Each structure stands twice: as C-alpha cells, then as structure tokens.
Amino acid sequence: MISTTAELAAFLRTRRERLDPRAVGLPERRSRRTPGLRREEVAELAGISVDYVVRLEQARGLRPSADVVEALAGALRLAPDERAYLYGLTRQRPRGTAEPATTADPALAALVADLAPRPAMVLNHRYDVLAWNDAMARLFLDFGTLPPARRNAILVCLVDPRMRTLYADRDQVVRDGVAHLRTAWAAHPDDRVLGALIAECVAGDEQFARLWASGEVRVNARGHKVLHHPDAGVITTRFETLRPVQDPGQLVVVHRAADATSQSALDALTA
C-alpha cells in the first residue's frame, strides 16, 4: 500500500522536475543536468529552507502546514486540481482563494434548461441564484423579477411575501438556510458579501437570528418540501443538491414530484 508520505514526496518531485524555469522567471542555464527546477529554486520561490524541501522529497515524515502547502503550490505553479490533491495529501484545508461565482457556468446553465420540466437552478456558495429554468420560476419564484443582488434563495425566503406563505414547514426551511450559510461562512470567512448577507438576515428576521445564535450547522442537501402553491395547490417535491466536480463552487438543485398527485399538479403548472 502506498503511503501518503511517499506519494507526497513523488508528487512534489515530479512537479518540480516538469516545471520550465522560464515559467517562473528564471533564466535557462546550460549547466542544468536535470530537467525542471532545482530544489534550491523551489525553496527560494516558496520561502522555505532547502533542507525542508529535501526532507519532503525524501519522504521523511514531515507534515507541512497549510501556509507551506500554499507556498509550494504557488512555487510549483500547480493547477487547481493539483493544488487540491496536494492539500489532500498533507491533510490540510485549502484556502478559499477563488472568487465566488456570480454567473452560472454555461454548461450548468444549459443542464438546468435541459432538466425541464423538472424545476432546477444553479447556486453559488452564498446561495445566490445564478440560473434557473422556467419550471423553477413557475414552482417557486421568477428570480428574473428581482434585482441581481437580491436573487438569493435564503434571503427571498425571509423577506419576500410570496415565499413566506409558500412553504408548509417554513421553520425547517429557515433552519436549513441558517445551516447552509453558517457552513459557507466557515469555508469562506473572508467573503465580505457573504458576511453582509448573514448580517442582514440576522437583523431582519428574528427566527433566523435565534437559530444563528444556536450554532445550527446540519446541512440538508437532500430531502422533501411541501409547498402551498397559490395556483396548483399542495405540491410535495423531493430535491437533490449536486456539486459538479468541474465547478465545485456551484451547486445544482433539482426538484421532482414526490407522489402522483404532486406530479399531476406540477405537470399542469409547467405545461
């Protein structure tokens, strides 16, 4: 069985050896006997000692800190997938350096459209609604009627009069919203927009504020919702939240009817 220490050593060595010195601003020297960068050059780029790089590449049982992992990822010019793999090998938590998505990936937007007549939408980690299909607009809310900055699935549940009466179990919906935002905040503590959203929800909704203070963190990415739709009556849906591997910062939420009566109502609503 391959140890993570040995795999870390091999991974760092192969990434160092494949890197063109010119890619990191170093001159190409004829005296280089091996391809890629020297250990001394990696150490200088990462701001760590040469001895530390040597011990890492010799699998001598070191567990680098998150700061060192980030420095090595930058020095070795790792792609996002490689960076995530390096963090996994070192059992460290990656920093949320990527900017939050404010528009849906075109492939995910197309997928949501193709999922019709099943209601579906794309969210980012703040639960901003980035894309939705017509079935979602008919079942819940046409987010296109809202200013882009207010298209947040949790916020509209709290402040939009149309949504306040839609859910049969609004308490659970708010509880889920608190858990989602708290989990997102823990992963993205420097996201000022997310922080402002949470502050607005705490100040504007007493129930949200109480649940936030209780430390609710249980996230329900799968379940069911009972809706009192003003045009279609009672509809029960089962929902699934999917995180695409290629776009882990975006979520795809899909609803489907939970029973035959709900399916008939949903069919009539989306016809």
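All values reported here derive from a predicted model rather than from experimental measurement.
Hydrophobic clustering (ILVMFWY, side-chain heavy atoms < 4.5 Å, transitive): F140 and L115 are in distinct clusters. Cluster membership for V219 and L181, using ILVMFWY side-chain heavy atoms within less than 4.5 angstrom, is not shared. Residue V159 is grouped with residue L194 when hydrophobic side chains (ILVMFWY) are merged at heavy-atom distances under 4.5 angstrom, including chains of intermediate members. Cluster annotation: M136 and V112 are assigned to distinct hydrophobic clusters (Ile/Leu/Val/Met/Phe/Trp/Tyr, side-chain heavy-atom contacts under 4.5 Å, transitive). Hydrophobic clustering, with ILVMFWY side chains joined whenever heavy atoms are under 4.5 angstrom apart, keeps L108 apart from F239.
Closest approach of A46 and A71 over heavy atoms only: O-CB, 3.3 Å. Between P117 and A135 the shortest heavy-atom distance is O-CB, 3.3 Å. Minimum heavy-atom separation, L8 to L89: CA-CD1, 3.9 Å. Heavy atoms only, all atoms of each residue included: Y52 and P64 are closest at OH-CA, 3.3 Å.
With respect to the salt-bridge test (charged N to carboxylate O, under 4.0 angstrom), the residues R222 and E240 qualify. Under 4.0 Å is where a charged nitrogen must lie from a carboxylate oxygen, and between R164 and D160 no such pair does. Salt-bridge check for E82 with R18: passed, with a basic side-chain N closer than 4.0 Å to an acidic carboxylate O.
In this structure, CG on L19 lies 11.0 Å from OG1 on T14, to the nearest 0.5 angstrom. Between atom CG of residue L37 and atom CZ of residue R15 there is a gap of 13.5 Å, rounded to the nearest 0.5 Å. Expressed to the nearest 0.5 Å, how far CG of L62 lies from CZ of R55 amounts to 5.0 Å. A distance of 3.5 Å separates CH2 of W212 from CD1 of I198, quoted to the nearest 0.5 Å. Rounding to the nearest 0.5 angstrom, the gap separating the CG atom in L12 from the CZ atom in R39 is 10.5 Å. Taken from CH2 in W132 to CG in L139, the straight-line distance is 15.0 Å, to the nearest 0.5 Å.
Put simply, the side chain of S262 never gets that close to the backbone of I235: no donor and acceptor are under 3.5 Å apart. The closest donor-acceptor contact from the side chain of R91 to the backbone of G88 lies at 3.5 Å or more, if one exists at all. Here the side chain of E41 pairs a donor or acceptor atom with the backbone of R38 at under 3.5 angstrom.
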Exercise for review: Dump the intermediate steps for side-chain contact (heavy atoms from CB on, under 4.5 Å) on N133 and D114, then the final yes or no.
Suggested key: CA-CA 8 Å; N133 59 19; D114 291 342; over 6 Å; no
Practice item. Evaluate the side-chain contact (heavy atoms from CB on, under 4.5 Å) criterion for residues F143 and V156: first the C-alpha distance (whole Å), next the side-chain angles of each, then the deciding distance (0.1 Å), finally the verdict. Key: CA-CA 9 Å; F143 294 96; V156 296; 4.1 Å; yes
Check your understanding: Which is it for E200 and R150 under the salt bridge (charged side-chain N to carboxylate O under 4.0 Å, His left out) test, yes or no, and what are the steps along the way?
Key -> CA-CA 12 Å; E200 180 180 355; R150 308 300 287 176; 2.7 Å; yes
Review point. How far apart are the C-alpha atoms of R16 and E57, what are their side-chain angles, what is the distance that settles it, and do they pass the salt bridge (charged side-chain N to carboxylate O under 4.0 Å, His left out) test?
Key: CA-CA 10 Å; R16 173 176 62 80; E57 289 195 2; 2.7 Å; yes
Exercise for review: Go through the steps to decide whether T145 and R162 satisfy the test side-chain contact (heavy atoms from CB on, under 4.5 Å), and finish with yes or no.
Suggested key: CA-CA 12 Å; T145 62; R162 294 168 292 182; 4.1 Å; yes
**Study point:** D134 vs D142, side-chain contact (heavy atoms from CB on, under 4.5 Å): CA-CA, chis, key distance, verdict
**Key:** CA-CA 8 Å; D134 184 61; D142 185 357; over 6 Å; no
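No side-chain heavy atom of V173 sits under 4.5 Å from any side-chain heavy atom of I154. Side-chain contact between L78 and F11 is present, with at least one heavy-atom pair separated by less than 4.5 Å.
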List the atom pairs, with distances to 0.1 Å, where a side-chain N or O of residues 247-258 and a protein N or O form a donor-acceptor pair under 3.5 Å, not counting sequence neighbours.
residue : atom : partner : partner atom : Å
Q250    : OE1  : D105    : N            : 3.2
H255    : ND1  : T237    : OG1          : 2.9

May I have the list of side-chain donor-acceptor pairs in residues 224-234 shorter than 3.5 Å, sequence neighbours left out?
residue : atom : partner : partner atom : Å
H229    : ND1  : D231    : N            : 3.0
H229    : ND1  : A232    : N            : 3.2
H229    : NE2  : R138    : O            : 2.8

Which donor-acceptor pairs under 3.5 Å do side chains of residues 119-130 form with protein atoms, sequence neighbours excluded?
residue : atom : partner : partner atom : Å
N124    : OD1  : R126    : N            : 3.0
N124    : OD1  : Y127    : N            : 3.2
N124    : OD1  : D128    : N            : 2.9
N124    : ND2  : A101    : O            : 2.8
N124    : ND2  : D128    : OD2          : 3.2
H125    : NE2  : D191    : OD2          : 2.8
R126    : NE   : D191    : OD1          : 3.4
R126    : NE   : D191    : OD2          : 2.8
R126    : NH2  : D191    : OD1          : 3.0
R126    : NH2  : D191    : OD2          : 3.3
Y127    : OH   : H180    : ND1          : 3.2
Y127    : OH   : H180    : NE2          : 3.4
D128    : OD1  : N152    : ND2          : 2.9

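In summary, the side chains of Y85 and E7 do present a donor paired with an acceptor at a separation below 3.5 Å, with no hydrogens or angles considered. No side-chain donor-acceptor contact under 3.5 Å links D267 and S264. In summary, the side chains of Y167 and Q172 do not present any donor paired with an acceptor at a separation below 3.5 Å, with no hydrogens or angles considered.
The salt bridge (Lys or Arg N to Asp or Glu O under 4.0 Å) check on R182 picks up nothing, with sequence neighbours excluded.
Other residues, nucleotides and ligands contribute only 12 or fewer heavy atoms inside 6.0 Å of the CZ atom of R238.
Sorted by first then second residue, the salt bridge (charged side-chain N to carboxylate O under 4.0 Å, His left out) pairs that include residues 169-181, not counting sequence neighbours, are R170-D205, R175-E216.
The hydrophobic cluster containing V54 also includes V50, under a criterion of side-chain heavy atoms closer than 4.5 Å among ILVMFWY residues, counted directly or through chains of members.
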